[in-house]
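A quick write-up on the structure given underneath.
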There are 2 protein chains.
Amino acid sequence: MTRHSLTNWQAVMAEVERRIYTREWKPGQSIPNEADLAIEFGCARVTVNRALQTLASNGLLDRRRKAGTRVALHPISKATLQIPLIRKEIEASKKVYRYHLKLQQIEAAPDWVNARFGLAKDVLLFHVIALHTADNKPYVIEDRWINCIALAEVLSMRFDSISANEWLLQSIPYTHGDIVFRALNASIEQAELLDTKENKALFEIERTTWDHDTALTTVRLVFHAGYQMNTAL
Amino acid sequence: MTRHSLTNWQAVMAEVERRIYTREWKPGQSIPNEADLAIEFGCARVTVNRALQTLASNGLLDRRRKAGTRVALHPISKATLQIPLIRKEIEASKKVYRYHLKLQQIEAAPDWVNARFGLAKDVLLFHVIALHTADNKPYVIEDRWINCIALAEVLSMRFDSISANEWLLQSIPYTHGDIVFRALNASIEQAELLDTKENKALFEIERTTWDHDTALTTVRLVFHAGYQMNTAL
DNA sequence: TAGTGGTCTAGACCACAGA
DNA sequence: CTGTGGTCTAGACCACTAA
């Protein structure tokens, strides 16, 4: 991919990668320490350090103080998922994005939401259901619950022109989140919204975001039939 | 999570994160340059650089030479997926891992495989189907095709005691890979192997690994009903 | 062209964990 | 105790790009 001139530490990284890849350094084997490599490559130790740290964070090396650096035995592959705004994702594929609000009200939440939020059973939460379309075809259903105790601002919002997805991401800072991916059989309602048949296998992403120990919002994104999520290794 | 004493650059990072999170520095806004921050924090510029680079790689900052550093407008969330060996994944949940070879033969590949490999239609490829179980319950079907032109070693392998998954990962180096996640309705055969019903929504991961421009192997992993993939944000 | 981030260096000290 | 990686510093030069 990158057709640029390599910086020094990238060159060191590339050379180390090459030695691992060609099995000059085999899985499980110790490689020379940073100081020796710095001498061999004729650079500062920090430069070697940066290269090896990067490789270690990619899972290609195991590093321990005193024990030294070894080629990883089980290269735990790491894939990085980009999770963009739905609107951006659709616009990136050069399709026309549209947004349709289906429901916005305050109501008691179902069990799975209360479980996620760690709230009592009959707390009222802000509930939004919306459909995002690409070129006027259903793309994803956004079924969102918002903790309006922690986020009182939401009570005055109308999500008919801006999606809750977008408003939250731009306006509400969070400290961390968790994500679950799963497959589910379409309910009758989901099938109707997504223009497919009941029981069709659909891809779902469930995301909850937190401000420290307080859950702010949880959303289930149910994608149209045939949706695929891609990434590189 | 981390209850350790922070290193200096981590402290700087934490402070910058705090300012972003508390909106002292708002989305889109420029923050002071590295030199000024180094003075303010009483540390070397490199230390600030490391902190800001880390935040930028997490998507929280946008950095451009001359233009300076700004708080990201659209915090593109990045989630890192760990893709371990199936055996490790099962053992990590303290269940008993077992492996059952269902098929191993050389045959002409279906279209989707030829498409991935960029090969002619009637090339013969190495085909393996296996079931991985956790506590004797079906966990995932591994349906794998191996490019035995590029990987002649595979012709002498018997995958009845070691899985192709494991052998390939430990023995065959690759330069990169791509991954697709999707949902599918169980076929009759899949339902039977996974002890569920036809048309049940199942989670599938399709992974292809490459040595430069040569596809080495492609695999479809179809998980048991109810499987979820988790990650943090 | 000038300001900003990106990288590099030599040297230093520290923290951890193996022997 | 000692070898190794982890981090920090001050200073320098380079590379990109907005003005």
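Proteins come first, then strands; the chains are lettered A, B, ... in the order of their sequence lines, and each starts at number 1.
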- line: The reported gap from CZ in A:F181 to CG in A:L81 (rounded to nearest 0.5 angstrom) is 5.0 Å
- request: Check whether any side-chain nitrogen or oxygen of B:T69 sits under 4.0 Å from OP1 or OP2 of C:dT4, and answer yes or no.
  value: no
- request: Figure out the CZ/P separation between A:F41 and C:dT9, and round it to whole Å.
  value: 13 Å
query: C:dG6 phosphate, OP1 or OP2: any side-chain N/O from B:R63 under 4.0 angstrom?
result: yes
- prompt: Think B:R45 has a side-chain N or O under 4.0 angstrom from the OP1 or OP2 of C:dG5?
  reply: no
- prompt: Which whole-number value in Å describes the distance from A:W9 CH2 to D:dC14 C1'?
  reply: 16 Å
field: Rounded distance (Å) that lies between atom C1' of C:dT7 and atom CD of B:E34
entry: 11 Å
field: Parallel, tilted or perpendicular, as decided by the 30° and 60° cut-offs, for the rings of B:F223 and B:Y227
entry: parallel
message: I'd like to know if the side chain of B:T175 reaches the main chain of B:H212, judged simply by a donor and an acceptor atom lying under 3.5 Å from each other, with no hydrogens or angles considered.
response: yes
- prompt: B:N8 side chain N/O closer than 4.0 Å to the phosphate oxygens (OP1, OP2) of D:dT7?
  reply: no
- prompt: With no hydrogens and no angle check, is any side-chain donor or acceptor of B:T133 less than 3.5 Å from a backbone partner on B:Y139?
  reply: no
message: I need the CG-P distance between B:D62 and C:dT4, as an integer number of Å.
response: 17 Å
query: Taking atom P of C:dG18 as reference, at what distance in whole Å does atom CG of A:N33 sit?
result: 16 Å
- request: Calculate the interatomic distance between A:N49 atom CG and D:dT7 atom P; express it in whole Å.
  value: 8 Å
message: So, does B:Q53 get its side chain near the phosphate of C:dG5, meaning an N or O under 4.0 Å from OP1 or OP2?
response: no
- prompt: Quick check: does any side chain N or O of B:Y99 sit under 3.5 Å from a backbone N or O of B:F159, one acting as donor and the other as acceptor?
  reply: yes
Row check, A:W145 ring normal vs A:R116 NZ/CZ: under 6.0 Å, within 45°: no
statement: Partner of B:Y97 under side-chain hydrogen bond (donor to acceptor under 3.5 Å, both in side chains), picked from B:H132, B:E89, B:E91, is B:H132
For nucleotides 17-19 of chain D, give me every protein contact, N/O to N/O, under 3.5 Å, one pair per line with atom names.
{"from": "D:dA18", "atom 1": "OP1", "to": "B:R64", "atom 2": "NE", "distance (Å)": "3.3"}

message: Expressed as a whole number of angstroms, how long is the span from B:R70:CZ to C:dG5:P?
response: 11 Å
message: Nearest heavy atom decides the nucleotide; on that basis, is A:A44 or B:P32 closer to the 5' end of DNA chain C?
response: B:P32
field: Rounded interatomic separation in angstrom, taking CZ from A:R50 and C1' from D:dG5
entry: 17 Å
